Participant: 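Could you have a look at this structure, given as structure tokens, before my questions?
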Amino acid sequence: MLANGMVRDEVQREEYLRTLCAESDRLASLIGNVLDFSRLENGRPEVTMAPVELPAFLDQTRQLLEPRCVAAGKTMIVEIELPPGTTARTDVELLRQILSNLVDNACKHTAGAADSRVWLRACSLGSLTVRLEVEDRGPGIPSQDRRSIFRSFWRGKRNDIHTAPGIGLGLALATRWAKLIGGSFRFESPANQPGARFVLELPAEQGAITGTQERAQDSETQVVAPTSNSA
């Protein structure tokens with residue numbers, strides 16, 4: 001319709017173009033997940049480990065993920081409690097893909113939630129471990145499904161799960177990528193709150209994290225709300 005000039009109203013054209021861009025991004029992500037899964041199944045993962053300064057990395061990742069949250073009508077809240085220079089030895093692309101998959105899942109599976117917030121958090125556990133979290137206020141995951149969610153192509157039994165885009169590879173890939181970069185990955189149910197929280201823990205570089213007092217002084221919280229014309 002756009003190519004043939006059938007949509008003449010400019011506002012409607014912009015809406016259709018936004019939808020086209022969002023769905024193209026989703027399709028590209030879906031194809032990427034399938035290809036990544038195929039490489040893992042064939043034993044050909046590509047891993048490049050290098051020191052990564054996490055505060056700078058998370059700021060770049062925030063800039064990538066904010067538009068996706070806004071387009072989905074979500075409010076993204078970024079809480080970084082790491083001192084400048086905190087470093088982990090990891091594969092930067094795999095780490096970014098894990099966080100991207102988690103945020104995309106949070107947006108997809110909380111479409112009808114009254115609370116639109118999605119959190120991306122980072123903090124340290126002691127001096128040798130960094131904890132990254134993605135949390136939402138959606139319906140959460142039933143206790144009987146919490147072991148199955150990490151299986152390839154598993155999508156659950158709720159009706160809303162089957163109307164969400166995707167084929168059930170995001171968490172399976174995140175689990176395997178976490179192992180490849182030397183981390184651990186798990187689900188947590190937020191205490192006294194609805195929703196889901198996924199936690200990735202990574203080893204930090206020796207001496208890369210300073211004390212609790214400095215972390216508190218350097219902590220940063222950023223909120224990105226959906227625009228008025230978001231979906």
Side-chain angles (χ1 to χ4, degrees), residues 29 32-33 35-37 39-41 43-69 76-106 118-136 149-150 169-191 196-224:
S29 177
N33 279 347
L35 292 175
D36 289 332
F37 179 76
R39 280 192 286 268
L40 286 171
E41 288 293 286
R44 294 183 290 109
E46 299 177 4
V47 181
T48 304
M49 302 292 283
V52 176
E53 188 175 330
L54 290 175
F57 163 81
L58 289 168
D59 185 60
Q60 294 168 359
T61 302
R62 173 187 60 80
Q63 296 177 46
L64 171 69
L65 298 180
E66 279 176 0
R68 301 188 193 180
C69 289
M76 186 176 187
I77 301 175
V78 181
E79 298 175 350
I80 301 174
E81 298 181 7
L82 296 171
T86 299
T87 304
R89 189 171 186 83
T90 186
D91 183 303
V92 66
E93 294 303 326
L94 288 185
L95 179 56
R96 181 173 287 117
Q97 192 60 46
I98 291 171
L99 296 177
S100 296
N101 280 4
L102 294 178
V103 170
D104 285 346
N105 274 357
V118 174
W119 285 266
L120 172 61
R121 301 190 184 101
C123 66
S124 60
L125 300 176
S127 60
L128 297 177
T129 304
V130 173
R131 176 182 169 111
L132 305 175
E133 301 177 3
V134 173
E135 183 174 331
D136 64 62
I149 57 175
F150 301 103
L169 280 177
L171 293 179
L173 285 170
T175 302
R176 297 170 80 166
W177 284 334
K179 291 180 180 178
L180 286 174
I181 61 177
S184 64
F185 180 63
R186 66 182 182 274
F187 164 82
E188 291 182 356
S189 184
R197 179 192 300 138
F198 290 92
V199 178
L200 173 65
E201 292 182 359
L202 296 172
E205 290 273 85
Q206 188 75 25
I209 300 176
T210 57
T212 303
Q213 183 177 1
E214 183 177 351
R215 289 202 308 276
Q217 292 172 347
D218 290 316
S219 65
E220 178 181 2
T221 299
Q222 300 176 8
V223 179
V224 181

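Reckoned from all heavy atoms, side chains included, excluding hydrogens, waters and symmetry mates. Start at 1 with the first residue, then count along the sequence. Keep in mind that what you see is a predicted model, and the values were worked out from it rather than measured.
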Participant: Using the rule salt bridge (charged side-chain N to carboxylate O under 4.0 Å, His left out), only one of E81, E79, E188 pairs with R131; which is it?
Facilitator: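 For R131, the salt bridge (charged side-chain N to carboxylate O under 4.0 Å, His left out) test succeeds with only one of E81, E79, E188, which is E188.
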Participant: Hey, could you give me the CH2/CG distance between W177 and L99, rounded to the nearest 0.5 Å?
Facilitator: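 Result: 11.0 Å between the selected atoms.
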Participant: Give, for atom SG of C123 and atom CG of L132, the distance between the pair rounded to the nearest 0.5 Å.
Facilitator: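 Rounded to the nearest 0.5 Å, the SG-CG separation comes to 8.5 Å.
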Participant: Specify the closest pair of heavy atoms between S124 and L82, including all atoms of both residues, with the distance to one decimal.
Facilitator: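 So the two residues come closest at N-CD2, 3.8 Å.
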Participant: Roughly how far apart are E205 CD and L128 CG, rounded to 0.5 Å?
Facilitator: 10.5 Å
Participant: Heavy atoms only: give me the nearest P51-R89 pair and the separation to one decimal.
Facilitator: CD-NH1, 3.3 Å
Participant: With a 4.5 Å heavy-atom cut-off, do I149 and F198 have their side chains touching?
Facilitator: yes
Participant: Let's go through T61 and L95 carefully: what are the C-alpha distance in whole Å and the side-chain angles of both, what is the deciding distance for side-chain contact (heavy atoms from CB on, under 4.5 Å) to 0.1 Å, and is it a yes or a no?
Facilitator: CA-CA 10 Å; T61 302; L95 179 56; over 6 Å; no
Participant: Identify the heavy atoms of L180 and M49 that sit nearest to each other, and give their distance.
Facilitator: O-SD, 4.4 Å
Participant: What is the distance from atom CG of D136 to atom CH2 of W119, rounded to the nearest 0.5 Å?
Facilitator: 8.5 Å
Participant: With the side chain counted from C-beta on, respond yes when K179 and F185 share a heavy-atom pair under 4.5 Å apart, and no when they do not.
Facilitator: no
Participant: Taking it one step at a time, do V199 and R197 satisfy side-chain contact (heavy atoms from CB on, under 4.5 Å)?
Facilitator: CA-CA 7 Å; V199 178; R197 179 192 300 138; 4.0 Å; yes
Participant: Does T175 use its side chain to pair, donor to acceptor, with the backbone of L173 at less than 3.5 Å?
Facilitator: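 No, because the side chain of T175 does not come within donor-acceptor range (under 3.5 Å) of the backbone of L173.
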Participant: Any side-chain heavy atom of L171 sitting closer than 4.5 Å to one from N105?
Facilitator: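 Yes, close enough: below the 4.5 Å cut-off.
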Participant: With the side chain counted from C-beta on, respond yes when P55 and E53 share a heavy-atom pair under 4.5 Å apart, and no when they do not.
Facilitator: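 Yes, their side chains come closer than 4.5 Å.
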Participant: How many angstroms lie between atom CD1 of I181 and atom OG1 of T90, to the nearest 0.5 angstrom?
Facilitator: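 The OG1 atom of T90 is 3.5 Å from CD1 of I181, to the nearest 0.5 Å.
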Participant: Decide yes or no for L200 and I98: does some side-chain heavy atom of the first lie under 4.5 Å from some side-chain heavy atom of the second?
Facilitator: yes
Participant: Quick one: closest heavy-atom pair of V134 and A106, and the distance?
Facilitator: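 Minimum heavy-atom separation between V134 and A106: CG1-CB, 4.4 Å.
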Participant: So which atom in D91 and which in T48 form the shortest heavy-atom distance, rounded to 0.1 Å?
Facilitator: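 Closest approach of D91 to T48: OD2-N, 2.6 Å.
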Participant: Using the test side-chain hydrogen bond (donor to acceptor under 3.5 Å, both in side chains), find all partners of E201 that sit at least two apart in sequence or belong to another chain.
Facilitator: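 Only R186 meet the side-chain hydrogen bond (donor to acceptor under 3.5 Å, both in side chains) criterion with E201.
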Participant: If every non-hydrogen atom of A178 is compared with every non-hydrogen atom of S184, which pair is closest and at what distance?
Facilitator: CB-C, 4.4 Å
Participant: Is there a side-chain contact between T87 and L54 in this structure, where contact means two heavy atoms from C-beta onward sitting under 4.5 Å apart?
Facilitator: no
Participant: As a quick check of understanding, evaluate side-chain contact (heavy atoms from CB on, under 4.5 Å) for S100 and R68, giving each step before the final call.
Facilitator: CA-CA 10 Å; S100 296; R68 301 188 193 180; 3.7 Å; yes
Participant: Carefully, step by step, assess L102 and L120 under the rule side-chain contact (heavy atoms from CB on, under 4.5 Å).
Facilitator: CA-CA 10 Å; L102 294 178; L120 172 61; over 6 Å; no
